[in-house]
Amino acid sequence: MAQSARARPRRAIRVQKRRALNLDSSPMSDGNKSIKKELAASFTPADIEAPLYQKWLLAGYFTADSKSTKPPFTIVIPPPNVTGSLHIGHALDHTLQDVLIRMKRMKGFEALWLPGMDHAGIATQNVVEKQLAAKGLSRHDLGREAFVAKVWEWKEESGGLILDQMKRLGDSVDWSRERFTMDAGLSTAVLEIFKRLYDAELIYRAERIINWCPRCLTALSDIEVEHSDDSGEFVQVRYGDDEVSIVVATTRAETMMGDGAVAVHPDDPRYKDLVGKKVLLPLVNRMIPIIADELVDPEFGTGAVKVTGAHDPNDFEMAMRHGIEMPVIMNEHAVMVNSGTRFDGMDRFEARKEVVEELRKLGRIVSEKRPYIHAVGHCQRCDTTVEPRLSMQWFVKVAPLAKAAGDAVRDGRIKIEPEELAPRYFDWIDNMHDWCISRQLWWGHQIPVFYGPNGEVVVCGPDDVPPAGYVQDPDVLDTWFSSGLWPFSTLGWPEKSGDLAKFFPTSVLVTGYDILFFWVARMVLLGLFVTDGVAPFHTIALHGLVRDRFGKKMSKSRGNTVDPIEFMDKYGSDALRFTLARGANPGTDQAIAEEWIGGSRNFATKLWNASRFAIMNGANIDGEVAPFESLNSIDQWILTRLDETVESVDQLLEQFEFAKACEIIYHFAWDDLCDWYLELSKATFAGGGDKAEISKRVLGQVLDQLLRLMHPMMPFITEELWCSFTGGETLVTASWPKSDSANRSEASKLIVEQLQDLTTEIRRFRNDQGIKTSAKVGANFIGLDSLSEFEASLRQVCRIEPITGSASAAIEVGKVKIEFDLTGAIDVVAERARLTKDLATAEKDRTTAKVKLENEGFMAKAPIEVVQEIRERLTQTSADIESITAQLAALPTK
RNA sequence: GGGUGGUUAGCUCAGUGGUAGAGCGCCUCGUUUACACCGAGGAUGUCGGGGGUUCGAAACCCUCACCGCCCA
């Protein structure tokens, strides 16, 4: 028996599956209520998600119209790498953007969420080079043109995996406007802005120390270098001979062959007499000067440092200032060359060991510290230790641009949310070094500079043709250069396109704080420049990172990463979205665990079941809701709570407070609607007649509005439920709920609060008495007064029926007394325990209130409302104590 | 080294001056015709330590400890 009973619902699911899958082939609803669809007995996300997304695409709901008269609302997606797949961080980022876009669309905006991808220079080139390496080839075997063709081929075949995954998540992006940073249009934008910057003398070429990755063989910008603690060594080496000698401290002994000087602080008394003298550089036996420079920290090591201009950024500065020689003694692979020593040909780390060994043999090592933990730069893409390298590169002169970018935030043209993160922005943008934009790669926008036979330099804009015989610079631009143009290049700039006119400047930029500098700041820099001060977006909404359940950073090496696709398979996209949105407090990281997503799935199921129940009980949206004043208090209460919820959720979402908005929705739906309203109204529905009809319409209203309100967070399930319930075509373009304070009643809240107190106390009493939840118990209410019209509801939720005989036990809740016929002795021990505990709580509360009221300082200085509140608390707790004491006394003494 | 955020229930986190909260977890009971992906009830915190301001502090100030992040 039990088995077959369990088997039944499963079969029902299977039947429904077929029906749901047929959905997308059926003609779209025209709003005719006659084609309401029956809901499956249980919620199976996999059955509804793909068909619904298909339906949305076919209907073109996500396609924005540049000719629309509606006000625009635009978000450009942070373009994911073409090599990337959807990770949990994208899922968060996209969920938040989709929530905003869907809400604004429902609010009547012409909402455009523009999707696309980034060509991701180094990352993509690495992928294809790895494939070649598997065949024993390098990119040089193919040559530039063939290699780039190969990358394009790879992009067409394997790139953009993430785009399909975005559909799983429900992203309501406008696929007709999908962009790629290497598209023709976007490339034109790159050429245009490069030329403009060059003409404005904001781009220049120079030989500088840059960050060099000896594995990727390219220059990197400052932020593409990640500093982390490495275990190195710290040695003190004696330079010089018997006449002049000085001990220098270094972590990079291998570069000493490139030393041009030794530097000390000008005020350092230890070395006063040595400044200006020359000292013998060991191993290469060259005489180098001892100079004085403010940059030297006298506290560090011996207070004397070697100056290796070609291999250290600080040393480069000093060398420039003092006109010191800068011999280059390493090649692009970080292998020692041209030092004229036996170390030539050695890798830098090998050379370090050998050099120290040699110095030790010569008795020049004064002290050694190993391991010496210090911060070392690593290539963001391959983790190779970065090598400072003197080379010719292209730079953006950022000072004037950065000033403007800082001012835009300072004067409020751009708002950073949460504003606590603004200082971080200023800190960076106000201290930004010139931006190295050339990369020694092949995949990317080739720098539009052409060199003539006699050293002429010509920069070509989109419409320019280089003079014959000129050769283009082989380098490409930093990927962030083109993504920095994203908010306008994607809309057609530099053309005066309809999209640009309608949708630019964009509205909100939603992204993780981790790419504030990489991407966001660059868009502001470049955006303000091309538009003469128009900010590319008015708000930057920053969210945090997704971490593991213990709040630890996710990483492959830790093995604590999670797969959003797996979660969607298991719990549904809505569950994943809701979990992420519910954890998204502005600018702060969130932890995530599989159980949390399971919890959201449970919430979705709850909503599904509640909706089915409501529909089954005749909830509807036919005609108008009866006038608010004419409704019973329970109906007034749920509408009041609905209105409060609508108002809060709307405000919170507008302020990017996703977590709080979700929290409010969760509790309204689960606690207020399911646990209380539906339970309290069961008696009304069962009672039939006009009263039932009125309440059914109220319930319909609540369900209709709630589903609308939840749609941005949980688009699939709400769409399925709403269309089924109302017969409407879609929630995607349905109107957003509006709060209306006329639909509120504080009095109804007080009444329901009393009903809740009564119910809870009765349930507690039953529980303590060991009475099964399902068992009906005889009891009468005394003193219900204004609550008497809800007696049937109370009886329903408390499962008590009227008694005619004598009562054997009673409890008091407020002014109401409930007399029970427990037909036999009640559990006196349990009851005494319960009452004693209540008494203790009440006494404690009364004491706190009393102490306050007897405190002269409190009475004199506390605001009158607070005093009043405490007075009421004293009255209430005193009454409670009296009542509990009486109940205790009435208990049989065994 | 310079900034900066944090330390609240077993875990992850809300809570910016008036009786400590949520989700998950935990304990007890339960096949109430929406839902066991559920329901009912329950337990759990001298809000990191110390000092101060205040009638009143988790919240404001000082200080110490620890953790994290950004930048060098």
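Owing to the predicted nature of the structure, the values given are computational and were not obtained by experimental measurement. Within every chain, numbering begins at 1; the chains are lettered A, B, ... in the order of the sequence lines, protein sequences first and strands thereafter.
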Which distance, rounded to the nearest 0.5 Å, do you find between the CZ of Arg558(A) and the NZ of Lys553(A)? 8.0 Å

Between the protein and nucleotides 5-14 of chain B, list every N/O to N/O distance that falls short of 3.5 Å.
unit_1  : atom_1 : unit_2    : atom_2 : d
rU12(B) : OP1    : Phe550(A) : O      : 3.4

Is the distance from the ring center of Phe765(A) to that of Phe820(A) below 6.0 Å? yes

Check whether Phe316(A) forms a cation-pi arrangement with Arg208(A) (NZ or CZ under 6.0 Å from the six-membered ring centre, at most 45° off the ring normal). no

Classify the side-chain pair Asp671(A)/Trp676(A) by whether it contains a donor and acceptor separated by less than 3.5 Å. no

Distance-only donor-acceptor check, side chains Tyr571(A) and Asn602(A), under 3.5 Å: no

Between CD1 of Ile664(A) and C1' of rG21(B) the distance, given in whole Å, is 14 Å

Check the distance between rC69(B)'s C1' and Trp428(A)'s CH2 and give it to me in whole angstrom. 17 Å

Which residue, Tyr666(A) or Val225(A), contacts RNA chain B at a nucleotide closer to its 5' end, judged by nearest heavy atom? Tyr666(A)

Residue pair Asn855(A)/Gly598(A) against RNA chain B: nearer the 5' end by closest nucleotide is Gly598(A)

With a 3.5 angstrom cut-off on both distances, give the Watson-Crick or G-U wobble partner of [N], or none if there isn't one.
N: rG48(B); result: rC64(B)
N: rG23(B); result: rC11(B)
N: rU54(B); result: none

Is any N or O donor-acceptor pair between the side chain of Glu679(A) and the base of rA34(B) shorter than 3.5 Å? yes

Check: rC35(B) base within 3.5 Å donor-acceptor of Lys606(A) side chain: yes

Tell me which nucleotide among [options] gets nearest to the side chain of [X].
X: Phe517(A); options: rC24(B), rU31(B), rC70(B); value: rC70(B)
X: Ala375(A); options: rU31(B), rG41(B), rA72(B); value: rA72(B)
X: Thr605(A); options: rU31(B), rC37(B), rG23(B); value: rC37(B)
X: Arg612(A); options: rA22(B), rG41(B), rA34(B); value: rA34(B)
X: Asp845(A); options: rU31(B), rA34(B), rU19(B); value: rU19(B)
X: Arg582(A); options: rG23(B), rG41(B), rU32(B); value: rG23(B)
X: Ala862(A); options: rG18(B), rU19(B), rA40(B); value: rG18(B)
X: Arg763(A); options: rC37(B), rC24(B), rA40(B); value: rA40(B)

Using a strict cut-off of less than 4.0 Å between a Lys/Arg side-chain nitrogen and an Asp/Glu carboxylate oxygen, indicate whether Glu843(A) and Lys850(A) qualify as a salt bridge. no

Is the shortest side-chain heavy-atom distance between Phe603(A) and Ile717(A) below 4.5 Å? no

